[in-house]
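Written below as structure tokens is the structure these notes are about.
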Amino acid sequence: MRQWSAAFTRNFEKYMFAIIPCTLLLGFVLSDELIAFTSWIPYLFAYVTFVMGIGCGRKHLQGVLQKPAPVFVTLLFAHVAAPLLAYGLGELMFGHGSPYTIGLVLFTAIPLGVSSVLWVSMSMGNVALALAMVIVDSAISPFVVPGLIQWFFGANIQFDTLGMIQDLMLIIVLPTVLGMIVYELSKGRFKEWSAPVTLPISKICFAGVVLLNAAAIAPQLSALRSDLVLVIPAVFLIVALCYGLGYVCSGILRAKGRELPVTLAYTSGMRNISVGMVIAMSYFSPQTAVPVVLGIMLQQPMATLQYSIFVRIASYRGKQKLQESKTS
């Protein structure tokens, strides 16, 4: 059981760049059959968040508090610089108050994605820092997400701010806190003990959230095809900028080696798209969800591209050090 679970989890993470877009497309195709199950989305996502929480405890957060600069700088760029860039691009391409402009800003407002931790681990980054950043950002998301939307569009759109805060509390903060309590009570042993069951189910639930959100948006998507010519390049540019801001953060912090640049690049670049889809579909028009949906299709392949770049850089530096040692 444990070997099968480990193999399933490893392969899911390895091929996630292909699994998630395929799941998205499957949701579009099977929309009529799946749309009745969209009420399951918050529960599936809450479980995924709970499993994330059981991997983080007080010691991880203490480590962040002792050296808060990487977290502060990354969150500042992720939720101030990136939304400003998204808003400016949306204004230029779609106009003020456009659902696509709101969608671009929403993409940058949603919390950092837990899947970034997987890529940080594979790229030999700082996993503890990445996980702690995701936890901290998730905890403040009930205030960051509606606050940014209100800041940019408050006078132009009406949405239930209190309802959004409550939903984010229920699907992110509460499960995360429960997971951390379990971590502390078990002294970190629960994650390893339960992994053969909790990890594969969390991967399936994550795919289920994407599947059902795609099914929910599919009926309106056909009417939006003509807009995709402009929306796709806009989303691609914003996703690339989010990754690039991670490198800017590591430069500001004068990072040495590859650990911190890898960590900040992935955490700032990957967003919790499932949350974005839930919020977009619950509080805004289907057009607002389109940039978020496209973000799913773009950020995983871009993470794969970045990973291959990191591997090549590491290989090149390794060869350089080997040559230097031979000549010395």
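A quick note: this is a predicted structure, and the numbers were derived from the prediction, not measured.
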From I181 CD1 over to F50 CZ, what is the distance, rounded to the nearest 0.5 angstrom? 9.5 Å
Does a side-chain heavy-atom distance below 4.5 Å link F77 with C249? yes
Same cluster or not: V177 versus V48, using hydrophobic residues (I, L, V, M, F, W, Y) connected whenever any side-chain heavy atoms lie under 4.5 Å apart? no
Test item: Q299 side-chain N/O and V239 main-chain N/O as donor-acceptor pair under 3.5 Å: no
Indicate the atoms forming the closest heavy-atom contact of I19 with N11, along with that distance. CD1-O, 4.5 Å
Atom CZ of F8: over 12 foreign heavy atoms under 6.0 Å: yes
Any side-chain heavy atom of P111 within less than 4.5 Å of one from V144? no
Taking the six-membered ring for Trp, are F153 and H96 parallel (under 30°), tilted (30 to 60°) or perpendicular (over 60°)? tilted
Got Y100 and T288 here, is their nearest side-chain heavy-atom distance under 4.5 Å? no
Do the side chains of L168 and V173 get nearer than 4.5 Å, heavy atoms only? no
Quick one: does T49's side chain get under 4.5 Å of N272's, heavy atoms only? no
Counting only N and O atoms by type, is there a donor-acceptor contact under 3.5 Å from the side chain of D137 to the main-chain atoms of L112? yes
Salt bridge (Lys or Arg N to Asp or Glu O under 4.0 Å) pairs, two or more places apart, involving residues 198-216: E13-K203
Atom OG1 in T267, atom OH in Y243: separation rounded to 0.5 Å? 10.0 Å
S202 side chain to V51 backbone, donor-acceptor under 3.5 Å: no
Run the numbers on S194 and I54 for side chain to side chain contact (heavy atoms under 4.5 Å, CB included), then give the verdict. CA-CA 10 Å; S194 65; I54 63 176; 4.1 Å; yes
V134-V71 co-clustered via ILVMFWY side chain contacts under 4.5 Å: yes
If you compare all heavy atoms of G97 against all heavy atoms of I102, which two are closest, and at what distance to 0.1 Å? O-CD1, 3.9 Å
Spacing of OG belonging to S31 relative to CG belonging to L211, to within rounding of 0.5 Å: 10.0 Å
Donor-acceptor pair, side chain of T38 and main chain of I35, under 3.5 angstrom: yes
F284 vs I279, test: side chain to side chain contact (heavy atoms under 4.5 Å, CB included). Steps then yes/no. CA-CA 8 Å; F284 302 101; I279 296 303; 4.1 Å; yes
Positive for side chain to side chain contact (heavy atoms under 4.5 Å, CB included) with L34, one of L212, L26, V29: L212
I204 side chain reached by L44 side chain, heavy atoms, under 4.5 Å: no
Take M180 and I135 through the side chain to side chain contact (heavy atoms under 4.5 Å, CB included) test and state the conclusion after the steps. CA-CA 10 Å; M180 293 179 69; I135 294 287; 3.8 Å; yes
Treating Ile, Leu, Val, Met, Phe, Trp and Tyr as nodes and any side-chain heavy-atom pair under 4.5 angstrom as an edge, say whether L174 and F143 lie in one connected cluster. no
Is it true that a side-chain atom of Y247 and a backbone atom of V262 form a donor plus acceptor pair closer than 3.5 Å? no
If every non-hydrogen atom of H79 is compared with every non-hydrogen atom of A109, which pair is closest and at what distance? CE1-O, 3.4 Å
Does Y266 reach the main-chain N or O of G125 with its side chain, forming a donor-acceptor pair under 3.5 Å? no
Taking S268 for the side chain and A78 for the main chain, is one N or O donor matched with an acceptor at less than 3.5 Å? no
If you take all heavy atoms of T101 and G95, which pair is closest and at what distance? OG1-O, 3.0 Å
Begin from the C-alpha positions of F236 and L294 and carry the test side chain to side chain contact (heavy atoms under 4.5 Å, CB included) through to its verdict. CA-CA 8 Å; F236 178 84; L294 292 172; over 6 Å; no
Tell me, do F94 and L104 make a side-chain contact under 4.5 Å, heavy atoms counted? yes
Does the S250 side chain pair with the main chain of P261, one donor and one acceptor, at a distance under 3.5 Å? no
Within this structure, what is the CG-CZ distance for the pair L298 and F107, rounded to the nearest 0.5 Å? 8.0 Å
is_close_aromatic(Y43, W40), centroid dist under 6.0 Å: no
Between S116 and G113 (side chain of the first, backbone of the second, donor and acceptor by atom type, cut-off under 3.5 Å), is there such a pair? yes
Below 4.5 Å, heavy atoms only, C-beta onward: do L75 and V136 meet side chain to side chain? yes
hydrophobic_cluster_shared for L24 and L30, side chain cutoff 4.5 Å: yes
What closest approach, in Å, do I165 and P146 show between heavy atoms, and which atom pair accounts for it? CG1-CG, 3.7 Å
Which atom names give the shortest non-hydrogen contact between P83 and L148, and what distance separates them? CG-CD1, 4.0 Å
Linking I/L/V/M/F/W/Y whenever their side-chain heavy atoms sit closer than 4.5 Å, directly or via other members, would V145 and M169 fall into one cluster? no
Got a donor-acceptor contact below 3.5 angstrom from the T263 side chain to the E259 backbone? yes
